[in-house]
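First up is the structure itself, then whatever we jot down about it.
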Amino acid sequence: MEESSDAYDDHDMNPPFSWEDHQRQSMEERVECLRRKIKYYFMNPCEKYHARGRKPWKLMLQIVKIAIITAQLVSFGLSNQMVVTFKEENLMTFKHIFLKDYVDGGMDTYAVYKQADVYDHIEYIIAQYGLLRNNTVGNHEYEKNGSSYMPLLLCQEFYRNGSIYPGTETFEIDAHVENVYPVVPLPLRDTLQNFELHFKRFLTSLFSPRLLSLKITFVVKAINLQTVRYRELPDCYDFTVIITFNNQAHSGRMKIDLETDVDINECKDWKVIGASARKVYLTVMFDCLILITCLASFALCTRSVIKGILLMFVSKMNITRPYNVPWSDRLEFVNGWYILIILSDTLTIVGSILKMEIQSKVLTSYDVCSIFLGTGTMFVWIGVIRYMGYFKKYNILILTLRAAFPNVIRFICCAGIIYISYCFCGWIVIGPYHEKFRTLNTVSECLFSLINGDDMFPTFKDMKQKSSLVWVFSRVYLYTFVSLFIYMILSLFITIITDTYDTVKQESGVPISDLQKILSVCKDLPNSGVYRLEKSNKQISTFMLLTCIFIFSFNQKYSHTGTFFYELYQLNCF
């Protein structure tokens, strides 16, 4: 009996598994479970399907979204192309009708040099405006305010007072600018005498040296009928034509320019016979389908981003803390492809709303809508590369771009400083003597073309030899720029890309982050069955993520971030 009692005492004092061992084992199981969840998060859609049997809804949704968004973009692009073509052709029409002796492509050199020519051009504009309905082959018409036609406006801009005597090299000028707005009323009958007499009365002192500019403004209305062939309702256009006689330089050369401002409106009354106009509600329904698809994609990708952020904080507490994993590796939880898709969804949603407003004739901002839809569609198609990256042979482009990106950015920053310095130098020195260096924008475009080997000889040839010193400087400037950027900087830039490509091409050279090394401890395969969740846990994982965040964010008990995310982990909220 005593031996039995002693044996029991020994067993009681030295149990095979202590409470600490049980706690340690339990913690290891939780860490292993968390590591398995993180590994599941980084799986591709096919592996996730084998792991838990979940269908790749995001992948299928992205495929459907690409198809319908592309169809929407093509449809809107055709409509926008007709609008832009109609604007450009009307602008060309106005130049040929209202500008005397105008030749296509000669707007840069279109100017007058004699006083008589200025009078002739102004009289010609007013006369052609009076004969517009009889001359035009389009459906142009005057703007009406009630039963009366809107007048043609002439605005003279000049210095308030001034006396200029170049012969004695003396002048006196009052720099205050004044404006005079004489009005030329449009007669109900097409006669020219009234225009000429009225014109000569207020322009008798046109060529005072104080004159800065003269603007002739009028409105022409038109209807874009070509959309009927594509089963779209025509729009009504208001073209505000502005013809400017520019005498700012007082150099004896008065430049003439014609430009238009366009307003697009819904026609007040219309009737189409022989062709059924496309039902507006069908287009609106298609746009609504795109909105719903983009909203669903936005919600799914946002949910995945939130999951990744939660996993990043939980892994920091339970897995990566002892290893001092850098932030660059932890940011792998925030999937950049999801951010790109979220951005494309946002742009497409805004663009679709603008398109619906344009279809209903509430807005006419075609350019803004084009930017949103075009950029959104571009990001959607770029996002397809993510799924191509799951195949090893197609993944080399993504790996090369990702590995070379930091070095490329550093290199561009250094090369950009040299590039900007050449831009400023070329603009200030060569600009007065070379057309391509007149503004900083044209200088940058010219130099960028030179880097790519384009337009080299004309750039050298077009340099005017009015100043021998500047001409010699331009040669040194261009030769050094071409030699520096083409033979050195561009070669180094290509070398960075090729070196990165060679490194990535070798399997042993593919960089593996510290986070991936830690997760590689988990050897469970996707089809092993250990990743499958119970039905109740699966429901919580799918539908209760935002609810968990809401509950814990308003509970003061979890003021500490670590406790907050740990409780989320315990409830299988992700």
Side-chain angles (χ1 to χ4, degrees), residues 42-49 55-84 283-305 308 331-332 334-359 365-406 408-409 412 452 497 500-501 504:
F42 286 103
M43 289 181 181
N44 61 51
C46 295
E47 292 175 343
K48 288 183 178 180
Y49 176 75
K55 297 179 176 61
W57 295 112
K58 286 197 292 292
L59 174 59
M60 293 186 290
L61 187 64
Q62 296 304 316
I63 296 175
V64 173
K65 190 176 71 172
I66 287 175
I68 60 178
I69 286 180
T70 304
Q72 180 197 41
L73 185 72
V74 172
S75 175
F76 181 77
L78 294 176
S79 299
N80 188 33
Q81 185 176 358
M82 287 189 292
V83 172
V84 174
T283 305
V284 174
M285 288 179 61
F286 182 70
D287 293 333
C288 290
L289 174 63
I290 293 177
L291 284 176
I292 295 173
T293 305
C294 291
L295 287 173
S297 174
F298 182 89
L300 291 176
C301 293
T302 303
R303 174 178 173 271
S304 298
V305 171
L331 289 178
E332 292 184 24
V334 183
N335 196 322
W337 293 110
Y338 290 150
I339 302 297
L340 183 66
I341 295 174
I342 290 173
L343 181 59
S344 68
D345 290 334
T346 303
L347 294 173
T348 305
I349 290 172
V350 176
S352 299
I353 295 174
L354 291 176
K355 182 176 180 292
M356 295 169 66
E357 297 291 336
I358 292 174
Q359 293 289 340
S365 48
Y366 281 87
D367 294 337
V368 178
C369 183
S370 299
I371 292 174
F372 278 101
L373 290 181
T375 309
T377 306
M378 179 182 68
F379 287 160
V380 168
W381 278 95
I382 292 176
V384 178
I385 300 178
R386 170 177 181 258
Y387 301 103
M388 298 293 293
Y390 294 137
F391 303 95
K392 186 175 180 181
K393 293 183 178 180
Y394 296 96
N395 196 31
I396 189 169
L397 173 62
I398 301 174
L399 294 177
T400 302
L401 293 177
R402 185 172 62 183
F405 184 76
V408 168
I409 293 298
I412 290 177
N452 292 275
I497 303 297
T500 306
Y501 175 79
V504 172

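Fair warning: this is a prediction, and the values are worked out from it, not measured in the lab. What's counted below: heavy atoms across the whole structure, side chains too, no hydrogens, waters or symmetry copies.
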Under the side-chain contact (heavy atoms from CB on, under 4.5 Å) test, residues paired with [X] that sit two or more places apart:
X      : answer
Leu291 : Ile349, Ser352, Ile353, Met356
Ile292 : none
Phe405 : Ile409

Drop me the distance from [X]'s [atom1] to [Y]'s [atom2], to the nearest 0.5 angstrom.
X      : Y      : atom1 : atom2 : value
Leu401 : Ile385 : CG    : CD1   : 8.0 Å
Thr348 : Phe298 : OG1   : CZ    : 12.0 Å
Ile66  : Thr293 : CD1   : OG1   : 12.5 Å
Ile339 : Ser304 : CD1   : OG    : 10.5 Å

> Between Asn335 and Cys301, is a side chain to side chain contact (heavy atoms under 4.5 Å, CB included) present by the stated rule, with each step listed?
Replying inline: CA-CA 9 Å; Asn335 196 322; Cys301 293; over 6 Å; no

> How about Leu300 and Tyr338: do any of their side-chain heavy atoms sit closer than 4.5 Å?
Replying inline: no

> Can you list every salt bridge (Lys or Arg N to Asp or Glu O under 4.0 Å) pair that touches residues 287-302, not counting sequence neighbours?
Replying inline: Asp287-Lys355

> Which atoms form the tightest heavy-atom contact between Ile290 and Ile68, and what is the distance?
Replying inline: CD1-O, 3.7 Å

> Sequence neighbours excluded, which residues qualify as side-chain hydrogen bond (donor to acceptor under 3.5 Å, both in side chains) partners of Ser297?
Replying inline: Gln62, Lys65, Asp345

> When you look at CD of Gln81, are more than 12 heavy atoms from neighbouring residues, nucleotides or ligands closer to it than 6.0 Å?
Replying inline: no

Please table the atom pairs, donor to acceptor, closer than 3.5 Å between any side-chain atom in residues 369-382 and protein atoms at least two apart or in another chain.
from   : atom 1 : to     : atom 2 : distance (Å)
Ser370 : OG     : Asn80  : ND2    : 3.0
Ser370 : OG     : Tyr366 : O      : 2.7
Thr375 : OG1    : Ile371 : O      : 2.7
Thr377 : OG1    : Leu373 : O      : 2.8
Trp381 : NE1    : Thr70  : OG1    : 3.1

>> Tell me whether Thr346 contacts the main-chain N or O of Ile342 through its side chain, where contact means a donor paired with an acceptor under 3.5 Å.
In response: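 Side chain of Thr346 to backbone of Ile342, a donor-acceptor pair under 3.5 Å: yes, one is there.
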
